[in-house]
Amino acid sequence: MLRTAGILAAGLAAAFALNLLVANAIPPYPALVINLCGISIILAVSLNVINGLTGQFSLGHAGFMAIGAYVSAYFTTTLRYFDPEAARYISQAPLLDGLWGFPLALMAGGIAAAVAGLVVGIPTLRLKGDYLAIATLGFGEIVTILLANFRQVGGTKGLTSIPGHADTFWIYGAASVCITFSLFFQRSTFGRALIAIRENELAAEVMGIGAARMKVIAFIYGAFFAGIAGGLFAHLMLSISPANFGFMKSVEVVVMLVLGGLGSMTGAVVGAVILTILPEALRDIEREVNLSGLRMALYALILILLMLFRPQGIFGQRELSLKLLRRLVPGRRKESP
Amino acid sequence: MADPVLQLADVNVYYGAVHALRGVSLRVDEGEVVTLIGGNGAGKTTTLATACGLLRPRSGTVTYRGRDLAGVPTHKLVAQGLVMAPEGRGIFPNLTVEENLMLGAYSRRDKAGVAADLRRGFELFPRLAERRKQRGGTLSGGEQQMLSIARALMARPRLLLLDEPSLGLAPLVTQAIFATIDRINKEGVTILLVEQNANMALRHSHRAYVIETGEIQFSGPSAELRTDPRVKAAYLGEG
């Protein structure tokens with residue numbers, strides 16, 4: 001418990017420091033990439049609880065992200081009107097203005113995604129392997145198609161002029177909370193039970209582990225944080241459309257996990273950071289040699305090479321322990337890029 | 001006569017269109033070791049899975065200590081003392097021996113009792129104590145079998161269902177496993193044992209049922225069945 005509180009406090013302090021650094025010393029474009037890294041970390045770590053710990057192959061993470069993004073953005077945009085006298089947008093729901101407005105909107109997005117996780121999880125988690133992947137993929141597609149057809153949320157154009165509430169502190173603060181909870185989860189009896197389900201569902205069942213219920217709980221947990229990540233994404237990018245949350249987004253998060261090492265929280269963090277920075281870094285190379293399209297080819301090549309030489313991912317199922325971390329990078333948290 | 005610990009009455013189980021168990025009836029009384037012997041695909045493991053609720057009979061009843069088990073999920077039976085030890089491959093390969101054992105005590109909340117039972121498990125299977133920090137998947141076949149049994153014991157079973165404990169093991173290891181089964185039974189655990197190794201199973205049980213193509217062919221005290229010409233011809237390689 002003390003250890004958990006320590007990790008959380010260290011994470012929040014790092015988020016605060018990183019925010020100061022980004023706000024004062026880093027140009028907008030790298031700052032954006034740093035923020036996107038934080039959002040990727042939340043997505044990857046939360047999906048790791050479903051795909052890595054519990055071994056349930058979900059391909060619908062972007063769907064939950066979309067729900068979180070739209071619900072939270074709906075709270076901060078549509079529920080406001082422009083007041084010419086005050087010369088600014090004012091919320092129709094007074095609670096949503098001011099200091100608590102943004103976290104409340106984020107929570108609403110997370111809870112909406114969690115409820116979706118419950119509704120989707122109960123029927124689909126009876127499926128295994130490929131079948132579950134296809135069912136969750138279908139869910140993700142349904143979400144984006146529904147959003148594209150609702151005029152109230154902008155149809156295919158999506159929502160625009162979302163207030164830019166999500167700064168580095170919010171993003172990395174949320175990432176710290178997500179990492180802390182997930183690590184706590186992993187070490188608890190509950191986490192052991194999830195791993196037991198991954199290892200051998202039948203044996204878990206005869207040991208007294210109610211696999212069906214556990215899987216749904218893991219799914220709800222992952223969906224909640226995907227919703228939070230979606231909310232942060234919306235308030236970072238300032239506009240969202242269904243195209244942001246397509247099938248490729250879900251695949252991207254899965255690739256982050258596989259790259260880092262399925263089941264390892266450290267791996268999820270590292271995979272998220274690498275796969276967010278890599279396409280951006282390759283952009284410069286592409287410009288140098290003046291060969292458009294090279295970027296995606298290199299991206300694919302790097303992934304293929306990694307899988308050839310390290311199929312278990314960078315970390316396998318291991319974790320970077322705090323002790324090792326202190327020796328390697330004194331005074332810094334692993335999620336700081 | 002007192003209620004049997006476990007009773008299957010005219011149980012029919014299907015896998016899709018395949019009729020796997022045809023009117024199976026059997027009973028296990030308190031303190032007994034009952035064995036179910038038969039060849040490959042006879043329905044032994046299916047009977048065991050039905051007894052602990054992993055499979056649902058299309059007709060017939062399963063009762064445990066007088067309670068009908070229809071609709072009771074497997075994981076809820078563990079706390080009531082009905083525990084299955086799946087055959088050796090049913091361990092958690094990426095968890096350590098100790099973690100495997102601790103998951104056996106998942107339904108229990110008495111920490112002191114669990115710690116005592118963990119020590120007892122290591123005393124029963126010293127090999128596991130030597131390998132307590134090793135991943136389950138790195139153990140030999142016999143050690144994995146020991147782990148599966150030790151893990152089931154961590155749940156403090158009153159009725160232990162054992163699925164082919166001798167599967168793929170060397171004769172010496174098989175003997176050690178059966179010696180342990182005797183010992184567990186003497187300490188008060190009722191056992192339903194499913195085996196292909198009829199010779200060993202009949203030596204280490206009180207009563208036996210012989211199953212073929214999903215039907216119980218005959219049953220009786222194990223000592224008698226060992227001399228029964230039908231058993232000798234089909235399962236003991238004699239006659």
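Chain identifiers are assigned alphabetically (A, B, ...) following the order of the sequence lines, protein sequences preceding nucleic acid strands; residue numbering begins at 1 within each chain.
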Just wondering, more than 12 heavy atoms not from B:Arg56 lying within 6.0 Å of its CZ?
-> yes
Given the options B:Lys76, B:Met154, B:Arg151, which has more heavy-atom pairs under 4.5 Å with chain A than any of the others?
-> B:Arg151
Crowded around A:Asp130 CG? As in, over 12 foreign heavy atoms under 6.0 Å?
-> no
Does atom CZ of A:Phe309 have more than 12 heavy-atom neighbours from other groups under 6.0 Å away?
-> no
Among B:Ala155, B:Pro73, B:Ala49, B:Pro93, single out the residue with the greatest number of heavy-atom pairs under 4.5 Å to chain A.
-> B:Pro93
Count the heavy atoms of every other residue, nucleotide or ligand shown that sit under 6.0 Å from CZ of B:Arg158, and state whether that count exceeds 12.
-> no
Heavy-atom closest pair, residues A:Ala203 and B:Phe92 = CB-CE2, 3.8 Å
Evaluate whether atom CZ of A:Phe315 has more than 12 neighbouring non-hydrogen atoms of other residues, nucleotides or ligands under 6.0 angstrom away.
-> yes
Any A:Val206 side-chain heavy atom under 4.5 Å of B:Val78 side chain | no
What is the distance from atom CG of A:Leu202 to atom SG of B:Cys52, rounded to the nearest 0.5 Å?
-> 7.5 Å
Donor-acceptor pairs under 3.5 angstrom involving side-chain atoms of residues 207-214 of chain A: please list them, not counting sequence neighbours.
none

Which residues in residues 94-125 of chain B have a heavy atom less than 4.5 Å from any heavy atom of chain A?
-> B:Asn94, B:Leu95, B:Glu99, B:Leu103, B:Gly104, B:Tyr106, B:Ser107
